Enquirer: 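Have a look at this one before I ask anything.
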Number of protein chains: 2
Amino acid sequence: MSETTPTADTRPAEDGGAPAPRRRVNRREQILRTAADAFATQGFNNTSLADIAAMLDITPAGVLHHFGSKTALLTAVLELRDDTDPAPEGSRMLDHLVATAERNAERPGTTQLYAVLSAESATDRHPAQEWFRDRFTVLRQEIGDAVLDRLDPRDRAAAATPGPDGRTPAGEAAAAIIAVMDGLQVQWLLDPEAVDMAAVTETVIDALVARLSDQG
Amino acid sequence: MSETTPTADTRPAEDGGAPAPRRRVNRREQILRTAADAFATQGFNNTSLADIAAMLDITPAGVLHHFGSKTALLTAVLELRDDTDPAPEGSRMLDHLVATAERNAERPGTTQLYAVLSAESATDRHPAQEWFRDRFTVLRQEIGDAVLDRLDPRDRAAAATPGPDGRTPAGEAAAAIIAVMDGLQVQWLLDPEAVDMAAVTETVIDALVARLSDQG
DNA sequence: GTCTATAGCCTGATAGAC
DNA sequence: GTCTATCAGGCTATAGAC
């Protein structure tokens, strides 16, 4: 996934055996990080190329050179995330989610980026619409599996059985867990003192798992 | 809350005893509905006064005449809601929430309006920030009370007891319920087939109430 | 009370310099 | 490969016509 193509600066220095100090990374990546920051704090629609350009002391067209369009820049920003967030498989993933909620409270920027953009993407013909739809589909699947993994084996079959609408109880629990995390982010961004994202996430996961275990 | 000031058209007709047919309502309200629609489908930042004006066959300035600024128009749109959504008190409110989720699936416009705007409001200095912060505060309180109301009396004290951070278990459950509803809306807007908002909302409410009952 | 004309700024993107 | 100059169009809001 590495869009991180090194420039000449990353070559070993010719004047010695020491590794090059990487004074300046690729301009492209510099723009990417700046844009992520701007989209997070202002939303995509409300951020202009001029805003981003100004932070880097170049002109808007300078930004466009590297990405071609504002939409392409957004796509690149969203894909940036995949590198930095490795999710474990199986039932440990649920613990990972709680840890993520905890970490999110320390990184308001990233939290804001996804909370704001995911909702914004639900508007007509938004460029990030497909990206978020796919992301939610994958997440529901993965977290649904993780929920099944945590269940007692004899409860597992029932939770994995689709109803007439094709949805499984485990899948619905997954949708709920994702929804709680996203919804809490908005509440927390507006009023950090009012909610404890990690604690509430954990409570909901436990409550849902307990419910899937009690059914019989 | 009635901003609905009737115009001359709503006077009883002078030519007979029959009530006036109200052919045309206040222009202001006409604009309000159109704006709500536009904000819902495009987001606030991505909607121009020209968009709204075009739907009414007037100029952007014609819109501004009635509200003074685009921000004021947004505020008016948000306050419109209060008229049409009476929430019952007590534990019946939880049933009302499930019913609301069900109704939301039939009104994509309104659903989108609040899902998109609430997240968008979490960006820097957004004009609707205070409105949504207050709204969430009130909702957490009301739904927290409703949760307490549904509990068995002997579980109630524990659920209403604040921890060291000042938050009560019932309040956290309330935050979770609101979060689930909001988060589900985004998933549903992006992929209506993938989630059943009402069913999942009900599941989460039941699971959380059960958990608050089981604690001892 | 209702709205248009117009101003003045800001937008994303193309064409082309180095 | 990196970026600036420039453009045509869109933006909100003021001033004032009816």
Side-chain angles (χ1 to χ4, degrees), chain A residues 2-11 22-35 38-39 41-77 120 123-128, chain B residues 2-11 22-35 38-39 41-77 120 123-128:
Chain A
S2 104
E3 225 103 52
T4 316
T5 315
T7 59
D9 286 336
T10 60
R11 283 178 301 133
R22 233 190 209 264
R23 289 190 233 156
R24 242 225 273 169
V25 284
N26 207 347
R27 196 69 197 247
R28 189 190 158 90
E29 194 161 339
Q30 213 173 358
I31 294 174
L32 225 39
R33 271 197 289 265
T34 306
F39 291 161
T41 52
Q42 305 180 332
F44 172 72
N45 283 320
N46 203 32
T47 300
S48 67
L49 295 175
D51 291 342
I52 297 162
M55 299 187 213
L56 297 163
D57 268 309
I58 57 176
T59 63
V63 174
L64 273 185
H65 160 70
H66 295 271
F67 296 92
S69 76
K70 196 190 173 191
T71 293
L73 175 56
L74 172 60
T75 303
V77 164
E120 191 177 295
T123 56
D124 290 356
R125 279 172 309 174
H126 193 282
Chain B
S2 104
E3 227 103 52
T4 316
T5 315
T7 58
D9 286 333
T10 60
R11 282 177 302 133
R22 233 191 210 261
R23 285 190 236 160
R24 243 228 272 173
V25 282
N26 206 347
R27 198 66 197 251
R28 188 188 158 91
E29 194 160 340
Q30 213 174 358
I31 294 174
L32 225 38
R33 271 197 288 265
T34 305
F39 291 161
T41 53
Q42 304 180 331
F44 173 73
N45 284 319
N46 202 32
T47 300
S48 68
L49 295 174
D51 292 341
I52 298 163
M55 299 186 214
L56 297 163
D57 268 309
I58 56 176
T59 63
V63 173
L64 273 186
H65 161 70
H66 295 271
F67 296 92
S69 76
K70 195 190 172 190
T71 294
L73 175 56
L74 172 61
T75 303
V77 164
E120 190 177 296
T123 56
D124 289 357
R125 278 173 308 175
H126 192 283

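Values in this document were obtained by computation on a predicted structure and should not be read as measured data. For the numbers below, each heavy atom of this structure counts, side chains included, while hydrogens, waters and symmetry mates do not.
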Enquirer: Can you tell me if B/Gln42 and B/Thr47 form a side-chain donor-acceptor pair at under 3.5 Å?
Expert: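 Note: B/Gln42 and B/Thr47 side chains meet the donor-acceptor criterion.
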Enquirer: Closest approach to the side chain of A/Ala50, judged atom by atom: which nucleotide of C/dA13, C/dT11, D/dC11 is it?
Expert: C/dT11
Enquirer: Test A/His126 against A/Leu74 for side chain to side chain contact (heavy atoms under 4.5 Å, CB included), laying out the working first.
Expert: CA-CA 11 Å; A/His126 193 282; A/Leu74 172 60; 3.9 Å; yes
Enquirer: Output, in order, the C-alpha distance, side-chain angles, deciding distance and verdict of side chain to side chain contact (heavy atoms under 4.5 Å, CB included) for A/Leu32 and A/Phe67.
Expert: CA-CA 10 Å; A/Leu32 225 39; A/Phe67 296 92; 3.5 Å; yes
Enquirer: Rounded to the Å, how far apart are A/Ile52 CD1 and C/dA13 C1'?
Expert: 14 Å
Enquirer: How would you label the contact of A/Thr47 with the nucleic acid (heavy atoms, under 4.0 Å): base, sugar-phosphate, or nothing?
Expert: sugar-phosphate
Enquirer: Quick check on side-chain contact (heavy atoms from CB on, under 4.5 Å): which of B/Thr34, B/Asp51, B/Leu73 does B/Phe39 satisfy it with?
Expert: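 When B/Thr34, B/Asp51, B/Leu73 are each tested with B/Phe39, the side-chain contact (heavy atoms from CB on, under 4.5 Å) holds only for B/Leu73.
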Enquirer: A/Arg27 has a side chain; which of D/dC3, C/dG12, D/dA13 sits nearest to it?
Expert: D/dC3
Enquirer: Measure from CG on A/Leu73 to P on C/dT11 and round the result to the nearest Å.
Expert: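 One finds 15 Å between P of C/dT11 and CG of A/Leu73, rounded.
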Enquirer: Atom CG of B/Asp51 to atom C1' of D/dG10: distance rounded to whole Å?
Expert: 10 Å
Enquirer: Using the side chain to side chain contact (heavy atoms under 4.5 Å, CB included) rule, take A/Val63 and A/Ile58 through it: C-alpha gap first, then chi angles, then the decisive distance, then the call.
Expert: CA-CA 8 Å; A/Val63 174; A/Ile58 57 176; 4.0 Å; yes
Enquirer: Rounding to a whole Å, what distance do you find between B/Leu49:CG and C/dA7:P?
Expert: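 Those two atoms, CG and P, are 19 Å apart.
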Enquirer: Under 4.5 Å between any side-chain heavy atoms of B/Asn45 and A/Glu120, yes or no?
Expert: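 Contact flag for B/Asn45/A/Glu120 side chains = no.
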Enquirer: If you take any heavy atom closer than 4.0 Å to DNA chain D, which residues from residues 55-66 of chain B end up in contact?
Expert: B/Ala61, B/Leu64
Enquirer: Is the side chain of A/Asn46 donor-acceptor paired with the backbone N or O of A/Gly43 at a distance under 3.5 Å, no angle test?
Expert: no
Enquirer: When the distance from CD of A/Gln30 to C1' of D/dG1 is rounded to whole Å, what number comes out?
Expert: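 Atom CD in A/Gln30 sits about 15 Å away from atom C1' in D/dG1.
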Enquirer: In whole angstrom, give the distance that lies between atom NZ of A/Lys70 and atom P of C/dC10.
Expert: 15 Å
Enquirer: Specify the separation, in whole Å, of atom CZ of A/Phe67 and atom C1' of D/dG1.
Expert: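 One finds 14 Å between C1' of D/dG1 and CZ of A/Phe67, rounded.
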Enquirer: By side chain to side chain contact (heavy atoms under 4.5 Å, CB included), which residues pair with A/Ser69, not counting sequence neighbours?
Expert: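 A/Ser69 satisfies side chain to side chain contact (heavy atoms under 4.5 Å, CB included) with A/Thr71, A/Ala72 only.
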Enquirer: Taking A/Leu64's backbone N and O only, do any of them form a donor-acceptor pair with A/Lys70's side chain (distance below 3.5 Å, no angle check)?
Expert: no
Enquirer: Return the value, rounded to whole Å, for the distance between atom CG of A/Leu74 and atom C1' of C/dG12.
Expert: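 Rounded to whole Å, this separation is 15 Å.
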Enquirer: Between the axis at one end of the helix from C/dG1-D/dC18 to C/dC18-D/dG1 and the axis at the other (five pairs apiece), what's the angle to 10 degrees?
Expert: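 Inter-axis angle at the ends, rounded: 10°.
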